[in-house]
Amino acid sequence: LQFAVEFENATKHLFRRFEHGRKLGFLSLLRRSLITDAPPSDEQYPVLNELNLRIPVGSRFVLLCSDRDTQTCLTRLLGGLTALSSGRLIANGETQIVSTKARMQRPLLSLRRHLFSLNTFIGLSHTEANEKTAQVIKLFNAEALEKEKLVDIAPELVAKMNYFTTLLSPAKIVIFDEVFLSDLPEVHESALRDKTAIYVACRAKFPRTLFDQGAVLHEGSVVEQGNSSDIVAKFEQLADAEALQVRASHDSAADDDDPSFDDEDDDKQPPPAPPERKLPRTVALGDLKIYGSDQQLTRQLKTGDSCSFSVSYVVKDPAVPLPEIFVALSIRSGARHLIAAWSELIDQSFSNLPAEGQFTLCIPKMPLLPGSYSINCSVRTKGELFDKVVWNECFEVVEGDFYGTGPKEVVPVGVFCMEFAWKLETPYET
Amino acid sequence: MKPKSSQIGRTITLGFRQGWFLFLNEFQQRYRMTFFGYWWSVIKPLAACLPLIFVGKHFDFIPGEDQAPYELFALTSLILWNVFWTSATQTLYYGRRCRKVLAEYRLSDTAIISAAAIQTAMEFGLTLPFVIGLSFLLDSPLHAPGFFAFATLPLLAIAGFAVALPLVPFSLIYHDIHYGFGFLGQALLWMTPVVYAMPTSGSLYFINLFNPITYLILVPRNLILYGSFTHPNFFLLAVGMFLVLFCGSLLFFHRSIRTALDYQL
């Protein structure tokens, strides 16, 4: 077979237990269990809608879902834990969900027994379960801990062992909703050899190096399918549009609640025309410019050198006074945010913004290791996001005379702390 | 391609192994915060019998002179009843406890049944020595054909599974099942001649007569206490009925358990 997984007009509904305070469930479950193709009811809502998708054998495929329900449902469908409401899902081989969690993890179980039971729940035979348990224990050099109770072992270690136990299962199709990148990358890679890896996410959180193609799902259907750059760009565009829509609906709800309309007499006057929608007082971000230590425009920086990042902006309605503005710039490698240069963190804000200009971030020593990096920049006030722009893999760091952090570190670390400052420049100053 | 029978065998074996771990994990967890610890597995079933035996003896629930001592009669009946009722309640219990496990792993359909069966077998095994001890204490020896009563124990357990299995998917959506099930247990206990002898007339007689659980309790009890196999036709009818019900329940459980997990809590 050419495809590892194939969805054909796949539709999936989930059910609500409560609808407008009315309890539902008993009868509908009975109906759905006894009658195949039970008619739709008001308690169900779709998470997949006539989905048609093919995932090639051996591919590294990401499914970016616009909401969490779709993500959970897809993961469970692919893992064989739930069935479609209609349509077909064909999986060419066993599937396994990779997870750090083990629901039957009891603190009084010994590590060995816990891993053995996890392998049993996965469906391995006694011998296979024994072998895999031994393999995972050996992988983490945890032979001395195998008789210890889970309560006495670091939860992080148990979580990683759970992860690798599920990852090393014999299934040919592996489904991820989380990834431990920094742990045993060579084992990770070899475990996925000859297998199809499907990453399911509702945020573009998996590093792009992990997958080569994918699809964006919105309202239960595929809206974009292609290579990694295309789908991440589409997904981020979709996420931004959704955020704007949510903001607009909040504004609209606020307008609907306006008490001034309550006093009007509907019998005597025609209903009031909807108020003219005020554009949100928005600051829109524009281009990014990167300057090296020689103050020249560049896309290549050296580790340890000074540099600056300038992001232009435009105030859409200069007549309306703006509150205090905060600017946030994050530098990331894949999905991992390595630097958070947020003006709020250093108590820096901007007020009385000119109609246009640029926010400039000055970094006295670039602390990143050689590699390609992306930038997220957002501008906001307390409580409201005005604009957010993402530049994927927009600059490169080459070797300098400073050792810093980067994508290759072997231990998981948080965001890097470093010295930085923001300044506001108008066109007259530059 | 493997023959179908070996696949079924593998599924049952896997279900038993998964059930064993469900039981083991729960057993360790259940008595974690107690003073008596695992002794509660013995104390609980016996303590539940004591008030019933005390009241039954006081009101002479088994009139007649050729009967076994009431304490032995009631304790024997109650541990047999416990096989039926523990199978039912533990099936519901493991079903509810395994909601998240079911949502994350492809558990075999027989895993929950196996866990409940192991729990039931353990409780029976722990309480049986008390029946034997009591028979010596009261100088009322048990009869050799009583060994055949062991053969009826799986049937009692199957009856329990048949009652509880269809309720498991519902219990994942609403907890009412758990609250209501206790009352059902009380009603069934008094509708079955467990702590009293089956009357010969009256409405209770007819209730007992048409209650299929009556024969699943009467037959092994009479084998143990008197060495006689009574009501063979009714017994076989009840067994057949529960086997059919069990198959239907298992099918319903299989078809509805995943749908039940699609309900958002």
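Numbers restart at 1 for each chain; the letters A, B, ... are given by sequence-line order, proteins then strands.
- When heavy atoms are compared at a cutoff of 4.5 Å, B:Gln29 approaches chain A solely by way of its side chain, counted from C-beta outward.
- Looking at B:Glu104, B:Arg106, B:Gln18 one by one, the single match for side-chain contact (heavy atoms from CB on, under 4.5 Å) with A:Phe121 turns out to be B:Gln18.
- Residues forming a side-chain contact (heavy atoms from CB on, under 4.5 Å) with A:Thr166 (at least two apart in sequence, or on another chain): A:Gln96, A:Val98, A:Ile122.
- Judged purely by atom type and a 3.5 angstrom limit, B:Arg258 has no side-chain atom pairing as donor or acceptor with the backbone of A:Gly80.
- When heavy atoms are compared at a cutoff of 4.5 Å, B:Leu24 approaches chain A solely by way of its side chain, counted from C-beta outward.
- Partners of A:Thr82 according to the side-chain contact (heavy atoms from CB on, under 4.5 Å) rule, which considers only residues two or more places apart in sequence or in another chain, are A:Lys12, A:Arg76, A:Leu77, B:Asp262.
- How far NE2 of A:His13 is from OG1 of B:Thr259: 13.5 Å, rounded to the nearest 0.5 Å.
- Nearest approach of A:Leu109 to B:Gln28, heavy atoms of both residues: CD2-OE1, 3.3 Å.
- Between A:Ser125 atom OG and B:Arg17 atom CZ the span is 6.5 Å, to the nearest 0.5 Å.
- Separation of atoms OG1 (A:Thr120) and CG (B:Leu14) is listed at 7.5 Å; rounding is to 0.5 Å.
- Closest of all the heavy-atom pairs between A:Leu118 and B:Tyr105 is CD1-OH, 3.0 Å.
- Atom CZ of B:Phe16 has 12 or fewer neighbouring heavy atoms from other residues, nucleotides or ligands inside a 6.0 Å radius.
- Surrounding OH of B:Tyr31 are more than 12 heavy atoms belonging to other residues, nucleotides or ligands, all under 6.0 Å away.
- Heavy-atom pairs under 4.5 Å with chain B peak, among A:Gly123, A:Ala129, A:Ala83, at A:Gly123.
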